[in-house]
K.L.:
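Below are the structure tokens for one structure; questions will follow.
The first residue in the sequence is number 1, and the count goes up from there.
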Amino acid sequence: IVADAEGLFPAVWARGEVKVNVTTALGATVPGYPQDPAMSVAYGAAGAKTFTFATLAEFRADTELTYTAGLENTVAPGDYIIIHQEGLSFTVAPSGSTTNATATAGGVKVNIAGSSVTPAMFGADGVNDQASIQAAWDYAALHPELGPVQMRGVSTVEGQLTLDSGAHVQWSQGSWLKQTDFSATGSFVQTLDPNSSSAASIKSGILLENPQIDGELFPAPVALIVASSTATTVTFTAAASSVDGFYNGMCLEDTTAANGGGLRIVTAYVGATRTATHTTPWVSNPLATTVILAGWNDNGIGLAAGITNATIRGGVVKNYPGNLQVPSGNGGKGIDVEQGGTDILIDGGSFENVDSAVFIQGIDGVMANGAKKRAVGVRVANIHAKNVGAATVVAGINTDAAPDGDSDDSMIVISGMTYENAGHAPWRLVLTDPQKSGVHVMAEAQNVSYANIRGRNDATYPGISPGYPTDY
């Protein structure tokens with residue numbers, strides 16, 4: 001189309017994103033073009049303006065766009081923002097918006113312009129994407145009309161990701177989330193906000209489709225040597241870190257099994273003296289030369305403390321082995337449905353190199369946030385587990401009461417499962433019990449049924465050295 005003498009083009013009818021190129025009469029491209037994508041404005045919205053930026057980072061750094069009326073770069077709600085390199089489109093939100101997707105450094109807020117939500121819209125670039133992915137998940141939960149968050153490409157995540165009510169996340173095949181640092185709550189993708197005492201942890205209506213969770217970058221525990229200890233402190237040899245606070249937040253485990261039970265979490269660490277102060281006193285103060293492990297325990301996906309109506313469909317969770325978890329017997333679960341789960345469906349999915357593929361626990365009682373400690377209406381179907389300690393664990397461990405058959409505490413169906421190499425947990429001692437786990441562990445379980453299960457083990461499985469029951 002050709003502009004008139006005043007440089008105005010005739011009307012063009014289009015919808016959505018288009019490519020626009022502008023040339024001079026001699027065929028030279030006008031600076032700033034082509035624009036691909038550009039947003040066509042719907043008929044009747046002719047007052048809307050479009051502002052373009054090369055990258056999302058450039059837009060976020062901008063200080064020229066303004067809500068102030070009458071200036072060259074004044075924006076109004078409904079104006080369009082086009083990001084060329086990433087192919088993103090936004091609309092300007094009202095200045096008072098509190099649910100916007102992102103904003104400029106100058107304070108102009110925008111929402112996603114009617115397309116699928118991706119973490120790239122919030123700055124994800126594949127490295128240390130925790131903040132960007134969390135922002136995308138939170139935004140999409142507030143705007144269900146945009147559909148699921150689309151996870152595309154591999155991302156490393158330095159910590160945990162929290163699911164809110166209404167979260168709907170969909171992974172493309174091979175779009176792995178790789179955990180590179182410890183969580184705060186015991187699971188990588190989880191619902192606690194921030195703990196089981198908080199009413200904010202009571203969530204509902206969550207759907208995860210084809211989750212791709214890989215713990216291959218999960219930090220291995222550190223072996224430390226005791227120089228001396230008291231009931232709530234331990235001083236290590238000079239090989240330990242000299243940095244203050246270096247082990248803060250980590251769990252400690254005595255590898256002699258003399259101090260089983262309880263979480264001993266480091267609350268303070270003095271680098272000059274190599275001394276850690278921890279919760280839960282030792283049963284028997286560790287002697288000099290004792291090997292102490294410092295680390296953490298995490299699960300791939302964790303649902304707990306008042307979660308209702310949640311579905312996990314398909315996907316893969318791998319590489320959360322038991323030997324990386326501190327203390328023993330904690331963490332290492334592919335999917336952990338802990339106390340406080342109602343109407344949970346795990347349909348399909350594969351689990352590999354984890355301590356337990358699926359772990360479910362419900363008991364009598366009420367949590368501090370008001371949620372029952374139950375596991376009721378939990379269904380597990382059509383899953384496969386390979387190279388795991390246990391394929392499933394159903395527990396109702398309650399020191400205050402024996403199982404009494406109460407269906408308000410536990411009601412679980414496991415139907416349709418195959419496994420290959422399961423039933424061995426050749427890691428450190430759990431408390432002082434040297435028993436191997438079973439393929440399917442029932443630990444004070446009640447009201448659970450199993451059907452259609454097939455499996456096999458290699459003659460050499462688990463085949464690790466030095467083998468069960470200790471790796472020291």
Side-chain angles (χ1 to χ4, degrees), residues 128-131 133-135 137-138 141 156-165 167 169 177-204 206 208 211 213-215 217-219 221 247-253 262-267 278-280 294-308 310 312 317 319-320 322 324-342 344 354-356 358-363 365-375 393 395 397:
N128 296 338
D129 283 339
Q130 181 186 36
I133 293 172
Q134 189 65 66
W137 289 12
D138 292 346
T156 60
V157 180
E158 68 285 20
Q160 70 184 34
L161 295 167
T162 302
L163 296 162
D164 206 351
S165 290
V169 187
L177 292 183
K178 297 191 175 187
Q179 182 179 3
T180 62
D181 201 356
F182 305 129
S183 76
T185 61
S187 289
F188 177 34
V189 174
Q190 52 84 49
T191 58
L192 292 182
D193 189 16
N195 52 49
S196 60
S197 296
S198 170
S201 292
I202 299 177
K203 308 286 180 65
S204 64
I206 290 173
L208 305 182
I213 308 295
D214 189 350
L217 302 180
F218 184 77
Y247 302 110
N248 285 4
M250 292 190 186
C251 285
L252 302 179
E253 182 174 20
L263 290 176
R264 294 177 175 87
I265 300 175
V266 177
T267 57
H278 57 81
T279 60
T280 309
W296 189 241
N297 55 88
D298 263 317
N299 309 300
I301 300 173
L303 307 175
I307 176 67
T308 61
I312 302 173
V317 182
N319 295 324
Y320 285 88
L324 295 186
Q325 312 303 320
V326 179
S328 302
N330 293 265
K333 305 169 181 71
I335 296 177
D336 181 23
V337 182
E338 265 294 352
Q339 301 169 23
T342 302
I344 310 296
V354 297
D355 199 44
S356 303
V358 177
F359 182 100
I360 307 165
Q361 177 161 234
I363 62 174
V366 178
M367 295 183 172
N369 67 356
K372 290 184 177 181
K373 296 181 178 180
R374 60 187 344 216
V393 178
I397 300 173

K.L.:
Evaluate the side-chain proximity of I344 to L303: yes if any heavy-atom separation is below 4.5 Å, no if none is.
P.N.:
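Sidechains of I344 and L303: in contact.
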
K.L.:
Compare every heavy atom of G332 with every heavy atom of N299, then report the nearest pair and how far apart it is.
P.N.:
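The pair with the smallest heavy-atom distance is OD1-N, 3.4 Å.
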
K.L.:
Heavy atoms, side chains only, cut-off 4.5 Å: are D164 and K203 in contact?
P.N.:
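They are in contact (side-chain heavy atoms under 4.5 Å apart), so the answer is yes.
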
K.L.:
Any side-chain donor-acceptor pair under 3.5 Å between Y320 and Q179?
P.N.:
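Side chains of Y320 and Q179: pair found under 3.5 Å.
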
K.L.:
Distance only, no hydrogens: is a donor on one side chain within 3.5 Å (strictly under) of an acceptor on the other, for Q190 and T185?
P.N.:
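Short answer, yes.
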
K.L.:
Kindly give the heavy-atom pair with the smallest separation between G306 and A371, and that separation in Å.
P.N.:
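For G306 versus A371, the nearest heavy atoms are CA-CB, 3.6 Å.
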
K.L.:
Side chains of L163 and L208: does their closest heavy-atom pair fall under 4.5 Å?
P.N.:
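When only atoms from C-beta onward are counted, L208 and L163 do touch, with a gap below 4.5 Å.
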
K.L.:
Verify the distance criterion only: is there a donor paired with an acceptor across the side chains of N330 and N297 at less than 3.5 Å?
P.N.:
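Side chains of N330 and N297: no pair found under 3.5 Å.
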
K.L.:
Just by distance, with hydrogens left out, do S187 and Q160 show a side-chain donor and acceptor under 3.5 Å apart?
P.N.:
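No pair is found: no donor N or O on one side chain lies under 3.5 Å from an acceptor on the other.
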
K.L.:
Minimum heavy-atom separation for E253 and V326, please, with both atom names.
P.N.:
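Looks like CB-CG1, 3.8 Å.
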
K.L.:
Using 0.5 Å steps for rounding, measure from the CD1 atom of I360 to the NZ atom of K333.
P.N.:
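NZ of K333 is found 12.0 Å from CD1 of I360.
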
K.L.:
So which heavy atom on S356 is nearest to which on V393, and how close?
P.N.:
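That would be OG-CG2, 3.6 Å.
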
K.L.:
Minimum heavy-atom separation for V317 and G300, please, with both atom names.
P.N.:
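Residues V317 and G300, closest heavy atoms: CG1-CA, 4.0 Å.
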
K.L.:
Determine, step by step, whether N248 and T267 satisfy the side-chain contact (heavy atoms from CB on, under 4.5 Å) criterion, reporting the C-alpha distance in whole Å, the side-chain angles of both residues, the deciding distance to 0.1 Å, and the verdict.
P.N.:
CA-CA 5 Å; N248 285 4; T267 57; over 6 Å; no

K.L.:
Would a 4.5 Å heavy-atom cut-off, applied to side chains only, mark I312 and I335 as touching?
P.N.:
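Sidechains of I335 and I312: in contact.
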
K.L.:
Answer yes if the ring centres of F188 and F218 are under 6.0 angstrom apart, and no otherwise.
P.N.:
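F188 vs F218: aromatic centres not under 6.0 Å.
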
K.L.:
Answer whether the closest heavy-atom distance between the side chains of F359 and V337 falls below 4.5 Å.
P.N.:
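Side chain of F359 against side chain of V337, heavy atoms only: no contact under 4.5 Å found.
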
K.L.:
Under a 4.5 Å cut-off applied to non-hydrogen side-chain atoms, are I202 and N369 in contact?
P.N.:
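Side-chain contact under 4.5 Å: yes.
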
K.L.:
Please report the closest heavy-atom contact between D181 and E158, naming both atoms and the distance.
P.N.:
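Taking every non-hydrogen atom into account, CB-C, 3.8 Å.
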
K.L.:
Would R374 and T342 count as having a side-chain donor-acceptor pair, cut-off 3.5 Å?
P.N.:
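T342 and R374 do have a side-chain donor-acceptor pair below 3.5 Å.
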
K.L.:
How about I213 and V189: do any of their side-chain heavy atoms sit closer than 4.5 Å?
P.N.:
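They are in contact (side-chain heavy atoms under 4.5 Å apart), so the answer is yes.
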
K.L.:
For Q361 and I397, what are the C-alpha separation, side-chain angles and deciding distance, and is it a side-chain contact (heavy atoms from CB on, under 4.5 Å)?
P.N.:
CA-CA 8 Å; Q361 177 161 234; I397 300 173; 3.6 Å; yes

K.L.:
Taking the side chain as everything from C-beta on, heavy atoms only, tell me whether D355 gets closer than 4.5 Å to Q325.
P.N.:
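Of all side-chain heavy-atom pairs linking Q325 with D355, none is under 4.5 Å.
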
K.L.:
Show, in sequence, the C-alpha distance, side-chain angles and deciding distance for D336 and I301, and conclude whether the side-chain contact (heavy atoms from CB on, under 4.5 Å) test is met.
P.N.:
CA-CA 6 Å; D336 181 23; I301 300 173; over 6 Å; no

K.L.:
Here's a test for you: under side-chain contact (heavy atoms from CB on, under 4.5 Å), which of V157, D129, V169, T156 qualifies with L177?
P.N.:
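For L177, the side-chain contact (heavy atoms from CB on, under 4.5 Å) check succeeds only for V157.
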
K.L.:
Is the side chain of T180 donor-acceptor paired with the backbone N or O of L217 at a distance under 3.5 Å, no angle test?
P.N.:
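Judged by distance alone, no pair lies under 3.5 Å.
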
K.L.:
Say you draw a straight line from CG of L252 to OH of Y247; how long is it, rounded to the nearest 0.5 Å?
P.N.:
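Taking CG in L252 and OH in Y247, the distance rounds to 10.0 Å.
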
K.L.:
Please round to the nearest 0.5 Å and tell me the distance separating atom CD of Q339 and atom CD1 of I363.
P.N.:
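It comes to 4.0 Å.
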
K.L.:
Between the side chains of D298 and S183, does any donor sit under 3.5 Å from an acceptor?
P.N.:
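Short answer, yes.
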
K.L.:
Which value, rounded to the nearest 0.5 Å, describes the distance between T162 atom OG1 and Q134 atom CD?
P.N.:
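Taking OG1 in T162 and CD in Q134, the distance rounds to 5.0 Å.
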
K.L.:
To the nearest 0.5 Å, what is the distance between CG on D193 and OG on S165?
P.N.:
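Here the rounded value is 10.0 Å.
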
K.L.:
Once rounded to the nearest 0.5 Å, what's the spacing between atom CE of M367 and atom OG of S198?
P.N.:
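Spacing of CE (M367) from OG (S198) equals 12.5 Å.
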
